[in-house]
Amino acid sequence: AAIGGADMPVVITVLNSYSGWALCAEGFMMNNNLMTVVGALIGSSGAILSYIMCVAMNRSLPNVIFGGYGTSSTGTGKPMEITGTHTELNSDSVVDMMAESKNIIIVPGYGLCVAKAQYP
């Protein structure tokens, strides 16, 4: 089952939380109070962060972890066709365009949005 791109940070925080709980258990077994406390802090902070991220995405944690279970991860539809025009520039022409322009607006992430890089 595939995990979507937006789900991956939540999965990473869950794994981070698990490592903290494992450290807490190890500290408990070794009778080391510092390891137990630090592990509990890491585990609880990872769990809280995972919860906050799930609330922000309006999804439950089981839905994020098991959401793709039982589904096919390969698409069966017709692939998207590339449309539009392509304009290739070199660095000299970009410098000339920027020098001749009156206003320049830099929008972070806009190129990925236009390229629809967030979709498979």
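Just so it is clear, the structure is predicted and the values come from calculations on it, not from any experiment.
Ile65 and Tyr51 fall into different hydrophobic clusters, where Ile, Leu, Val, Met, Phe, Trp and Tyr residues are linked whenever their side-chain heavy atoms come under 4.5 Å apart, directly or through other members. Both Met8 and Leu15 are part of a single hydrophobic cluster, where members link through side-chain heavy atoms under 4.5 Å apart. No single ILVMFWY cluster, assembled from side-chain heavy atoms under 4.5 Å apart, contains both Ile105 and Met97. Leu89 and Ile106 end up in the same hydrophobic cluster when Ile, Leu, Val, Met, Phe, Trp and Tyr side chains are linked at under 4.5 Å. Linking Ile, Leu, Val, Met, Phe, Trp and Tyr residues whenever their side-chain heavy atoms come within less than 4.5 Å leaves Tyr18 and Phe28 in two separate clusters.
Side-chain atoms of Asn90 and Ser93 form a donor-acceptor pair, as typed in the model, at a separation below 3.5 Å.
Sorted by first then second residue, the salt bridge (Lys or Arg N to Asp or Glu O under 4.0 Å) pairs that include residues 79-97, not counting sequence neighbours, are Lys78-Glu81.
The heavy-atom pair separating Leu34 from Asn32 by the smallest distance is N-OD1, 3.1 Å. The two residues Val64 and Met57 come nearest to each other via the heavy atoms CG2-CE, 3.8 Å.
The backbone N or O of Leu49 lies less than 3.5 Å from no partner atom in the side chain of Thr13, so there is not a single donor-acceptor pair. Counting only distance, with no hydrogens or angles, the side chain of Ser101 and the backbone of Ile104 share no donor-acceptor pair below 3.5 Å. Side-chain atoms of Ser17 come within 3.5 Å of backbone atoms of Gly43 as a donor-acceptor pair (strictly under, hydrogens ignored).
The side-chain contact (heavy atoms from CB on, under 4.5 Å) test applied to Leu23 returns Glu26, Met35, Val38, Ile42, not counting sequence neighbours. Judged as a side-chain contact (heavy atoms from CB on, under 4.5 Å), and not counting sequence neighbours, the contacts of Ala40 are Trp21, Cys24.
Using a 4.5 Å heavy-atom cutoff, the side chains of Arg59 and Asp7 are in contact. With contacts defined as side-chain heavy-atom distances shorter than 4.5 Å, the pair Val94/Ser91 does not qualify.
For the atom pair OG of Ser45 and CG of Asn16, the computed distance is 7.0 Å after rounding to the nearest 0.5 Å.
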